[in-house]
Amino acid sequence: MSEQIIAYLRPTAVAERTFAKGEHLFHRDDPVRTLFLVTSGCVNLVRHQADGSPAVLQRSTAGTVLALTCH
């Protein structure tokens with residue numbers, strides 16, 4: 001993601017949160033209300049298949065946007 005976009009988004013943040021490994025940020029079908037800007041670490045957007053196996057749909061690292069979600 002461009003530094004210009006990050007520089008624009010960062011001052012508009014309403015909160016900073018830390019998540020533990022394995023903690024859920026949101027679930028499928030949650031209404032869209034929040035944009036997550038990852039500032040450190042790595043966050044995986046995972047969907048579980050019919051057989052239960054996980055599929056990583058998106059991997060976000062520092063300086064990237066994870067997705068839109070609710071909270």
Side-chain angles (χ1 to χ4, degrees):
M1 176 169 286
S2 87
E3 290 298 320
Q4 290 175 324
I5 293 172
I6 293 169
Y8 174 79
L9 291 175
R10 200 172 282 253
T12 64
V14 296
E16 184 173 322
R17 296 182 56 191
T18 300
F19 295 91
K21 184 175 181 175
E23 186 175 355
H24 294 131
L25 279 67
F26 57 91
H27 296 89
R28 184 181 4 187
D29 298 327
D30 283 347
V32 174
R33 295 197 184 133
T34 305
L35 179 133
F36 285 95
L37 175 62
V38 179
T39 58
S40 66
C42 179
V43 181
N44 293 327
L45 178 61
V46 177
R47 178 159 299 154
H48 292 276
Q49 306 301 305
D51 66 0
S53 63
V56 177
L57 303 179
Q58 179 181 347
R59 184 178 315 261
S60 297
T61 56
T64 62
V65 171
L66 173 62
L68 298 169
T69 183
C70 72
H71 275 289

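From a predicted model like this one, the values you see are computed outputs, not experimental measurements. Hydrogens, waters and symmetry mates are skipped; everything else that's a heavy atom, side chains included, is used.
The side-chain hydrogen bond (donor to acceptor under 3.5 Å, both in side chains) test applied to D51 returns S53, not counting sequence neighbours.
In this pair, F26 and F36 present their aromatic rings parallel. The plane angle is below 30°, not in the 30 to 60° band.
Cluster membership check: V38 shares its hydrophobic cluster with L57, using side-chain heavy-atom separations under 4.5 Å among Ile, Leu, Val, Met, Phe, Trp and Tyr. Residues V56 and V43 fall into different hydrophobic clusters, defined by Ile, Leu, Val, Met, Phe, Trp and Tyr side chains chained together at heavy-atom separations under 4.5 Å. Both F19 and L45 are part of a single hydrophobic cluster, where members link through side-chain heavy atoms under 4.5 Å apart.
Within 6.0 Å of CD on E23 lie more than 12 heavy atoms contributed by other residues, nucleotides or ligands. More than 12 heavy atoms of other shown residues, nucleotides or ligands fall within 6.0 angstrom of atom CD in Q49.
Pairs passing the side-chain hydrogen bond (donor to acceptor under 3.5 Å, both in side chains) check and including a residue from residues 35-44, sequence neighbours excluded, read N44-R59.
Shortest non-hydrogen contact noted between V65 and S60 is O-OG, 3.5 Å.
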